[in-house]
Amino acid sequence: MLFNSLDFAIFLPIVFILYWFVANKNLKLQNFLIVAASYLFYGWWDWRFLSLILFSSMVDYIVGIGLLKQENPTRRKILLWISILVNLGFLGFFKYYNFFLENFEHAFSFFGKELNTNSLTIILPVGISFYTFQTLSYSIDVYRKKLTPTKDFIAFSAFVSFFPQLVAGPIERATHLLPQFYKKRTFAYSKAVDGMRQILWGLFKKIVIADNCAQFANLIFDNSELYSGSTLMLGAIFFAFQIYGDFSGYSDIAIGTSRLFGFDLMQNFNFPYFSRDIAEFWRRWHISLSTWFRDYLYIPLGGSKGGIWMKIRNTFIIFLVSGFWHGANWTFIAWGALNAIYFLPLLITNNNRNHLGIVAQGKALPTFRECLMMITTFGMTILAWIFFRAENIGHAASIFAKVFSKSIFTIPYFKDGTLALPTLILVTLFVLVEWIGRHGHYAIANISSNWPKVYRYGIYYTILILIFWFGGKEQQFIYFQF
Amino acid sequence: MKKFILRVTLFLSPVLLAFTATELLFSTDKGDLLKIGYIADLVDYDRKSIFQKEFSRKKFFTNFSELDFSKRQKFKTMVIGDSFSEQGNFGFTNYLAESNAGPLLYLDRNLHDNPLQALVGILNGDLLDSIHIDFIVVQSVERLIGARTEINQNTTITIDSLTKLKESLKSFVPKSSNTVDKLFSDRILKFVTLNVGFNFDDNAFYSETYIVKTKDRLFSVDRNNLLFFFDDIRTIEENPTLEIAENLNSQLNAVSAKLLEKGIKLIVLISPDKFRIYYDEIIEKEKYPKPQFFEIFNGLPKNYEFVKSDVLLKQAIKTKKDIYFYDDTHWSPFAAKLIAEELERVIEGSN
């Protein structure tokens, strides 16, 4: 069920009431209710894939127990590889089977050989890219002895299937989330209120910003042959806000919902469009995934410790794999490669950690230089998003050809373009609110906490009215397809 | 905990109330004017009982999508139209098919989006060489005439292109308002604001449906109300009527001449907007622009047959209720039958 649906609006309060009034008696009951609710949540999409998540949980639970008992390094490695192969095997099959088959066929036909293969109609289980990485983090951390494996299967299942973040993250580390299932949660009023506020903001980002921008992004990208370079760039800007509103909105709802149940999830987006360079962007965008790749792929490969060629190799590997994680299409790999190209000069010149703080911290406005840097970085990410959104490499290439032509200097135009004006105004106001709130975990976290009640509730109701006014555009969460 | 639940419940109570009211009173399976205007269904307009006999009629016409091209087909009449001709078994198409104007071939509405353009395309194509037809009735609703006269004279519609389109549409599932989430949509906010707003303004300031008071009870409901679509008056205000009428007429004359070369007679049916038919019954009609299209179009020289549907239906509403559906932009089976009878008279007169 989607977060922005009647089903979830009914599901959540029921689970909340049961959790705090019935299951609050003891820890096991609380965790069991989380598992039951999470399996119901996941099964709502497609009950057939419950067996997959259950099997994945069982494999990693048993691997964990095995690693606890096993000291022999070879056998420990075998256990780890069992977990890796099972998890990545499922991911590889469901997500990449047809991609590899098609490319295999193309490669053979390039050499004049025709292969007779049968592609399969495979339904991608929702959230598989997220929960497989989450369980892998458990196996790897247990292997590295950073985490004591759990004998409590219910707690472990709750960690794997925790419904707020199951289908689109944040990808939690076992070291961060699993211990929260070992202690009985107690209700904290301020935490719950903050959770509700974050849910409200997440719904605003998804329904008002993302879904409205999606209409125009889709219109422009799906008919790209009709439009000028400037209109295509406008489409890319719409897409930039669509994907940000969609994905960070989902994360906000996930984090806010978790807080209602007494859990803390990691921050997944930290105002990435205010980044002053690409390195900062990648410290602020989809933080849970980029840190996962850093800790479980980049550092084991040697990280930045080797010579310059090793740095280049490892950087490319990370970005390409990250791109490929998003989907079985060369466009995602191209998107990753372009980001690697953006990142490398900073890494090589040791300028990848220049901007660790908040831009214009404590000030109302950025300096001219900061503004220029943010606009440049934003422009670079928009160009990369073109690959992300395009249907295939040919489509992306045709868009780039127009973007880098004289038509970029024309005034953007598309039929009924004036209908986009309210959305553009909303996006502008949204950016302003995000700018003002950039010191908090989410934009409105601190804005209203010291204000009189009437102003606070005025803001909340304004956001609520906008959510219902702009609702009904029916756009799927983008990251559900991953 | 209790404080939290209480505060959240109080905070969300307006949403809960609005949602409940919408769930109870907003209908998506009644007339289109209720749906697009977000109007509360408080009036007991039971069309199933009013038109019980008409809704249970059998079908007498053939859809294009049912044709078997392995044998040469012969029809007396072909109808190409929009939703006013697509009323299934209770539409004028079916009444006409049952009369002496049958057998009748109907070009499925989902195979085109402009009846006038479809007619030109078919004229340029091969359909009329494969199927024998004596009369073609082309129908369009009045408010869309302006947009539909922008015709590409070079378009060609063939049996092959229609068949391919028909096949591709088999797997197409149209979006319906029922797939919109019931909570997270603009429905509940618009429902509340518009239904309050109707107490102060004929279209609640921004609804796409107008509700006005009439002199008499014109429908089988217990109030003197008329509902109509905002486009009925918008097109009067925005479109240059004389230019549209003349442009349409000259194109129809040209098409008629080409059809006559093939031995086919053209009959043009323009379905009047609901607002036009009931205009004189509106108490405050001075607030609204006076319809002019038919007044101009009726007087233009034509080499095709033309059904004066506006005259026919304006006469009918004086003696019969529910000539149009109360809660819908479309005419009812009562009007459809009158239109079919008039078409039959025209066809028989032309024989």
Side-chain angles (χ1 to χ4, degrees), chain A residues 1-13 16-17 19-21 24 185-197 199-200 202-204 206-208 211-212 249 253 256 259-262 453 456-461 463-476, chain B residues 1-24 26-28 35-38 113-114 147 150 171-197 204-208 231 234 238:
Chain A
M1 59 185 86
L2 293 175
F3 279 164
N4 54 322
S5 70
L6 179 63
D7 294 343
F8 187 73
I10 294 170
F11 168 85
L12 184 62
F16 180 85
I17 298 288
Y19 184 81
W20 291 116
F21 286 97
N24 201 33
R185 277 71 62 186
T186 51
F187 183 78
Y189 178 81
S190 57
K191 197 169 187 170
V193 166
D194 188 56
M196 288 296 294
R197 191 161 43 227
I199 291 171
L200 185 69
L203 286 171
F204 174 84
K206 162 60 181 163
I207 294 170
V208 180
D211 288 353
N212 279 283
I253 299 169
R259 288 173 81 74
L260 291 178
F261 294 91
K453 215 180 252 187
R456 277 211 316 273
Y457 280 88
I459 289 176
Y460 297 154
Y461 273 114
I463 293 172
L464 204 59
I465 287 167
L466 286 171
I467 287 169
F468 285 107
W469 188 262
F470 287 97
K473 301 295 186 298
E474 290 179 71
Q475 305 286 350
Q476 179 73 289
Chain B
M1 165 72 73
K2 284 180 187 161
K3 179 181 158 191
F4 174 76
I5 292 173
L6 186 65
R7 285 198 169 178
V8 169
T9 308
L10 279 172
F11 176 75
L12 293 176
S13 56
V15 176
L16 294 170
L17 283 168
F19 174 72
T20 308
T22 310
E23 275 301 290
L24 291 173
F26 181 65
S27 173
T28 56
K35 201 165 54 186
I36 57 180
Y38 296 89
D113 56 10
N114 179 347
E150 291 170 23
S171 56
F172 172 68
V173 177
K175 240 186 205 183
S176 84
S177 60
N178 292 332
T179 63
V180 173
D181 189 74
K182 287 186 175 184
L183 181 60
F184 290 100
S185 70
D186 56 0
R187 182 186 297 189
I188 63 173
L189 195 60
K190 283 188 175 168
F191 182 80
V192 169
T193 54
L194 288 174
N195 282 285
V196 168
F205 306 104
Y206 72 96
S207 174
E208 291 190 348
D231 248 12
R234 185 186 64 82
E238 290 180 8

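Naming convention: chains lettered A, B, ... in sequence-line order (proteins, then strands); numbering from 1 in each chain. Heavy-atom basis, side chains included; hydrogens, waters and symmetry copies ignored.
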- Query: Do B:Y38 and B:T193 have side-chain N/O donor and acceptor atoms under 3.5 Å apart?
  - Reply: no

- Query: How about A:F16 and B:F4: are their ring centres within less than 6.0 Å of each other?
  - Reply: yes

- Heavy-atom contact with chain B under 4.5 Å, split by part of A:I17: side chain

- chain B contact via A:L466 - which portion, at a heavy-atom distance below 4.5 Å: neither

Under 3.5 Å, which donor-acceptor pairs link side chains of residues 7-15 of chain B to any protein atom two or more places apart or in another chain?
from: B:R7; atom 1: NH1; to: A:Y189; atom 2: OH; distance (Å): 3.1
from: B:T9; atom 1: OG1; to: B:I5; atom 2: O; distance (Å): 2.6
from: B:S13; atom 1: OG; to: B:L10; atom 2: O; distance (Å): 2.7

- Query: Should the pair B:Y206 and A:W469 be assigned to parallel (<30°), tilted (30 to 60°) or perpendicular (>60°) ring geometry?
  - Reply: tilted

- Which region of A:F468, side chain (C-beta onward) or backbone (N, CA, C, O), has a non-hydrogen atom less than 4.5 Å from a non-hydrogen atom of chain B, or is it both or neither? both

